[in-house]
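In this chain, residues are counted from 1 in sequence order.
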Amino acid sequence: MDISVVVPVYNEEESLPLLYERLKAVMDTLKNSYELIFIDDGSTDKSWEVLSRLRDQDKHLKIIRFTRNFGQTAAMAAGFAQAEGKVVIAMDADLQNDPADIPLFLAKIKEGYDLVSGWRKNRQDDTIKRKIPSRIANWLIGKITGVKIHDYGCSLKAYRAWVVKNLSLYGEMHRFIPALAALIGAKITEIPVRHHPRQFGKTKYGLSRTFKVILDLITVKFLLSYSTKPLHFFGLPGMASTLIGVAICFYLTCLKFFYHVHLAGRPLLLLGILLIFIGIQFISLGLIAELIIRTYHETQKKPIYVIREMK
Ligand code: UDP
Ligand code: MG
């Protein structure tokens, strides 16, 4: 199998037939074997019926249905797990991404990149609610993770199979895939893509997403820099705090013994003791994190979704 196209679907019944037509048109012009994997993420509309009908006509389709709505990340993870292609293309089901861009992605992969990310240069979404928050988020993510691309939020991306097989996606981490891919050593680039306004249905996300993205960013930074060495993260401030605390207490002890100064009523004493306490707590926290992280790395194979059926 050459190419797998992975499409998460949540209540997109009107878009699906059109999307399928356009995808098929593009894929048939390429001389590659391919599969189209649709993951119905617990839709409450007719999406599954539409997909089943398409699947009956065309064996290129692989369709997966979740027992409930597990979220876009889980849907993508399920698609990635089932993908058999050497190259995996992910895209949205709502026709905002354009299947006609796929050949550009394949060309970049052929150039030797492991991950090609779409950049919605001319994005067709609400300016205040979507474009400005996303600008800020992209800038922030680039700064903090060090993986500078313009548009983390664009789902249209191409991956070499090994990349998706080695990503472990949790929560809403699909937005940080380029950073996570960099973590496993993928060579990354981006290309401008077309972007269309949503024709049918409505977006599944609101403004609150921006704040969640910022919280997730803390996790990603931690994963990126310290996930295998949490004691370095907690231990350094812990050590600094303990040392300063000890120095203060030592100074006060000298005052007491050599100059007979009364220590009651000296705020510095409180600070010294506090710093020692905080320091020891930080170091202990680091050690506990070290233990947890080991369990975490060994249990990563745990799936984050439940599949109801699969054809
Ligand atoms: N989606 C999903 N599960 C969810 C939310 C969204 O599978 O819980 C799918 C949705 O059907 C679409 C894609 O993820 O194919 C992106 O969603 P949407 O278009 O609402 O996001 P936006 O383009 O507005 O960022
Ligand atoms: Mg969309």
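Between the side chain of Lys131 and the main chain of Arg123, a donor-acceptor pair closer than 3.5 Å is present. Looking only at distances, a side-chain donor or acceptor of His195 sits under 3.5 Å from a matching main-chain atom of Gln124. Looking only at distances, a side-chain donor or acceptor of Ser47 sits under 3.5 Å from a matching main-chain atom of Glu12. Looking at Lys86, its side chain never comes within 3.5 Å of a backbone N or O of Ala161 through a donor-acceptor pair. Looking only at distances, no side-chain donor or acceptor of Glu35 sits under 3.5 Å from a matching main-chain atom of Ile3. Within the 3.5 Å criterion, the main-chain N or O of Ala179 finds no donor-acceptor partner in the side chain of Thr145. Of the possible polar contacts, none joining the Asn122 side chain to the Arg194 backbone as a donor-acceptor pair under 3.5 Å is found. Counting only distance, with no hydrogens or angles, the side chain of Arg160 and the backbone of Tyr113 share a donor-acceptor pair below 3.5 Å. In this structure, the side chain of Ser225 engages the main chain of Lys221 through a donor-acceptor pair within 3.5 Å. Side chain of Glu13 to main chain of Lys46: a donor-acceptor pair is present (N/O by atom type, distance under 3.5 Å, no hydrogens or angles).
You'll find the ring centres of Phe38 and Tyr20 outside the 6.0 Å limit.
Donor-acceptor pairing under 3.5 Å is recorded for the side chains of Asp98 and His196. No donor-acceptor contact under 3.5 angstrom links the side chains of Ser15 and Asp94, judged on distance only.
Looking at heavy atoms from C-beta onward, Tyr152 lies in side-chain contact with Val147 at the 4.5 angstrom threshold. Counting only heavy atoms from C-beta outward, the side chains of Thr73 and Phe70 never approach each other to under 4.5 Å. Between Val9 and Asp41 the shortest side-chain heavy-atom distance does not fall below 4.5 Å. In this structure, Met76 and Ile39 have side chains that are not in contact, with every pair of non-hydrogen atoms separated by 4.5 Å or more. With a 4.5 Å cut-off on side-chain heavy atoms, Ile37 and Val7 do not count as touching. Residues Asn138 and Asp151 have side chains in contact (heavy-atom distance under 4.5 Å, counting atoms from C-beta outward). Within the 4.5 Å cutoff, side-chain heavy atoms of Ser155 are placed close to those of Gln72. Between Pro178 and Lys157, some side-chain heavy-atom pair lies under the 4.5 Å cut-off.
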**Candidate pair Ile276 and Val246, rule side chain to side chain contact (heavy atoms under 4.5 Å, CB included), full reasoning** = CA-CA 7 Å; Ile276 295 178; Val246 167; 4.0 Å; yes

**Asked** After noting the C-alpha distance and the side-chain angles of Arg65 and Ser43, does the key distance pass the side chain to side chain donor-acceptor pair (under 3.5 Å) rule?
**Response** CA-CA 9 Å; Arg65 184 188 196 184; Ser43 296; over 6 Å; no

**Message:** Could you go through Ile63 and Asp40, starting from their C-alpha distance and side-chain angles, then the distance that decides it, and tell me whether this counts as side chain to side chain contact (heavy atoms under 4.5 Å, CB included)?
**Reply:** CA-CA 8 Å; Ile63 58 178; Asp40 176 3; over 6 Å; no

**Item:** Residue pair Glu172, Arg175: steps toward the salt bridge (charged side-chain N to carboxylate O under 4.0 Å, His left out) verdict
**Value:** CA-CA 7 Å; Glu172 298 190 5; Arg175 295 197 191 96; 3.1 Å; yes

**Request:** Would you check, one step at a time, whether the test side chain to side chain donor-acceptor pair (under 3.5 Å) holds for Asp28 with Tyr34?
**Result:** CA-CA 9 Å; Asp28 285 343; Tyr34 70 91; 2.9 Å; yes

**Message:** Run the side chain to side chain donor-acceptor pair (under 3.5 Å) test on Gln96 and Asp125 for me, step by step, so that the C-alpha distance in whole Å, both residues' side-chain angles and the decisive distance to 0.1 Å come before the verdict.
**Reply:** CA-CA 10 Å; Gln96 290 199 268; Asp125 277 321; 3.2 Å; yes

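Ile177 is not connected to Phe105 by any chain of hydrophobic side-chain contacts under 4.5 Å among Ile, Leu, Val, Met, Phe, Trp and Tyr, and they are in different clusters.
Note: Ile283 CD1 to Thr242 OG1 = 4.5 Å, rounded to the nearest 0.5 Å. To the nearest 0.5 angstrom, Ile149 atom CD1 is 10.5 Å from Trp119 atom CH2. If you take NE2 on His174 and CG on Leu167, they are separated by 12.5 Å, rounding to the nearest 0.5 Å.
Nearest heavy atoms, Leu252 versus Leu263: O-CD2, 3.9 Å. A pairwise comparison of heavy atoms in Ser4 and Gly85 identifies OG-N, 2.7 Å as the closest pair. Annotation for Gly185 and Asp114: closest pair O-OD2, 4.2 Å, computed over non-hydrogen atoms.
Remark: Arg209 fails to qualify as a cation-pi partner of Phe211 under the 6.0 Å distance and 45° angle criteria applied to the six-membered ring.
Relative orientation of the Phe80 and Tyr159 rings is perpendicular, given thresholds of 30° and 60° on the angle between their planes.
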